[in-house]
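Residue numbers begin at 1 in each chain, while the letters A, B, ... track the order of the sequences.
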There are 2 protein chains.
Amino acid sequence: MANLNLHIDFRSETPITTQIVEQIQNRVLSGELKPGDQLPTVRQLATDLRVNFNTVARAYRILDSMGLISTQQGRGTYIWSAGQAENRERERRQAFEQLTRHYLRDALALGFSMDQIRALLETQIEQLNHTQTAED
Amino acid sequence: MANLNLHIDFRSETPITTQIVEQIQNRVLSGELKPGDQLPTVRQLATDLRVNFNTVARAYRILDSMGLISTQQGRGTYIWSAGQAENRERERRQAFEQLTRHYLRDALALGFSMDQIRALLETQIEQLNHTQTAED
DNA sequence: ATTAAAATTGTATTATTGTATCATTGAATA
DNA sequence: TATTCAATGATACAATAATACAATTTTAAT
């Protein structure tokens with residue numbers, strides 16, 4: 001059962017359900033989740049995220065209606081498709097824009113300035129580069 | 001659920017909302033309320049104080065914007081940080097760094113480069129400025 | 001191999017909790 | 001006295017949680 005490594009921000013302006021939907025969507029678009037992969041049960045993921053399992057179930061149902069996953073009562077939830085190749089690029093771009101929009105909204109809501117955002121991004125990228133090279 | 005034991009003076013010059021804000025603030029500063037503690041629901045506290053629940057909700061929202069509590073629709077209201085301005089500032093910073101880490105992780109996983117991230121951030125900030133000024 | 005009970009998994013419905021918008025009140029002021 | 005505006009209240013709404021349910025799989029007895 002795939003470890004999704006999702007992160008919920010309870011203070012975010014984005015509802016929990018939406019956060020789950022978007023992050024699973026992104027995992028599929030990035031290839032971290034592949035067709036056939038089984039997702040955690042609604043109760044398991046809910047426990048991990050410290051959320052009511054109905055919230056996860058709602059997210060799964062939305063993803064199901066989007067055709068991204070297949071939920072089956074009594075069986076579990078599986079990744080359905082990786083999307084059509086021609087739409088893939090557009091969807092990836094849209095996900096990127098949405099991700100950025102929400103990040104900006106939450107960072108600004110926390111009271112940080114654009115300059116501070118730029119600065120922290122550079123700092124963290126620097127750190128990532130270091131840990132990467134250290135692992136080589 | 002913490003018993004706040006607040007007292008409202010209806011004859012006071014100070015608005016009810018302000019009285020609630022200040023008293024909860026004091027409970028946090030004095031350590032009577034600790035991070036993670038759940039506050040009464042807006043309706044429960046409103047009943048106790050014999051005021052409209054919107055008044056409590058307003059007070060909660062102010063405390064939220066101050067970074068003292070976290071209000072979550074459907075879940076309740078929780079103390080977010082210890083009252084010392086110093087602690088609040090540190091926790092705000094930590095939240096910002098975590099937010100940014102997760103954003104970077106997801107954006108990079110989607111296959112976008114640091115240059116693309118920088119560019120999109122600037123674009124979206126530009127758009128935000130436009131919609132803001134357009135609303136004036 | 002069969003089958004029935006138990007466990008697991010998602011679904012449906014209702015209750016709870018905070019949010020948004022507009023209406024009302026009452027005191028300050030022209 | 002009339003007007004205006006901040007504070008509060010009323011109402012409808014949106015997000016999440018609680019509870020009971022239905023479908024499927026698993027387990028164990030025969």
Asks: Which ILVMFWY residues are connected to B:L29, directly or by a chain of links, through side-chain heavy atoms under 4.5 Å apart?
Replies: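 Result for B:L29 is none, singleton.
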Asks: Where along residues 72-80 of chain B does a heavy atom fall under 4.0 Å from DNA chain C?
Replies: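 Residues of residues 72-80 of chain B that come under 4.0 Å of DNA chain C are, in numerical order, B:Q72, B:Q73, B:G74, B:G76, B:T77.
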Asks: Identify all pairs in which a protein N or O lies below 3.5 Å from an N or O of nucleotides 20-22 of chain C, and state each distance.
Replies:
{"residue": "C:dA20", "atom": "N6", "partner": "B:N54", "partner atom": "OD1", "Å": "2.6"}

Asks: Enumerate the side chain to side chain donor-acceptor pair (under 3.5 Å) contacts for residues 114-123 of chain A, please, sequence neighbours excluded, ordered by first and then second residue.
Replies: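 For residues 114-123 of chain A: A:S113-A:Q116, A:D115-A:R118, A:R118-B:E122, A:E122-B:R118.
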Asks: Tabulated below should be each protein N or O lying under 3.5 Å from an N or O of nucleotides 2-4 of chain C; please produce it.
Replies:
none

Asks: List, by chain and then residue number, the residues other than A:Y78 in its hydrophobic cluster (Ile/Leu/Val/Met/Phe/Trp/Tyr, side-chain heavy atoms under 4.5 Å); write none if there are no others.
Replies: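 A:Y78 clusters with nothing; isolated.
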Asks: Where along residues 15-26 of chain B does a heavy atom fall under 4.0 Å from DNA chain D?
Replies: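 Per residue number, the list reads B:P15, B:I16, B:T17.
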Asks: Can you name the residues that form a ring pair (Phe, Tyr, Trp, His ring centres under 6.0 Å) with B:F112, not counting sequence neighbours?
Replies: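 Ring pair (Phe, Tyr, Trp, His ring centres under 6.0 Å) check on B:F112 returns A:F96.
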Asks: Using the salt bridge (charged side-chain N to carboxylate O under 4.0 Å, His left out) criterion, which residues pair with B:R75? Sequence neighbours excluded.
Replies: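 By the salt bridge (charged side-chain N to carboxylate O under 4.0 Å, His left out) rule, B:R75 matches no residue at all.
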Asks: Would you jot down, in residue-number order, the residues of residues 33-43 of chain B having a non-hydrogen atom under 4.0 Å from DNA chain C?
Replies: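 Hits under 4.0 Å, by residue number: B:T41, B:V42, B:R43.
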Asks: Once side chain to side chain contact (heavy atoms under 4.5 Å, CB included) is applied, do any residues pair with B:A95, and if so which ones, sequence neighbours excluded?
Replies: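 Side chain to side chain contact (heavy atoms under 4.5 Å, CB included) check on B:A95 returns A:L110.
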Asks: So, A:D106 and A:R11, do they make that salt bridge, N to O below 4.0 Å?
Replies: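 Salt bridge absent between A:D106 and A:R11.
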Asks: Run the ring pair (Phe, Tyr, Trp, His ring centres under 6.0 Å) test against B:H102 and tell me which residues pass, sequence neighbours left out.
Replies: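 Applying ring pair (Phe, Tyr, Trp, His ring centres under 6.0 Å) to B:H102 gives A:H7.
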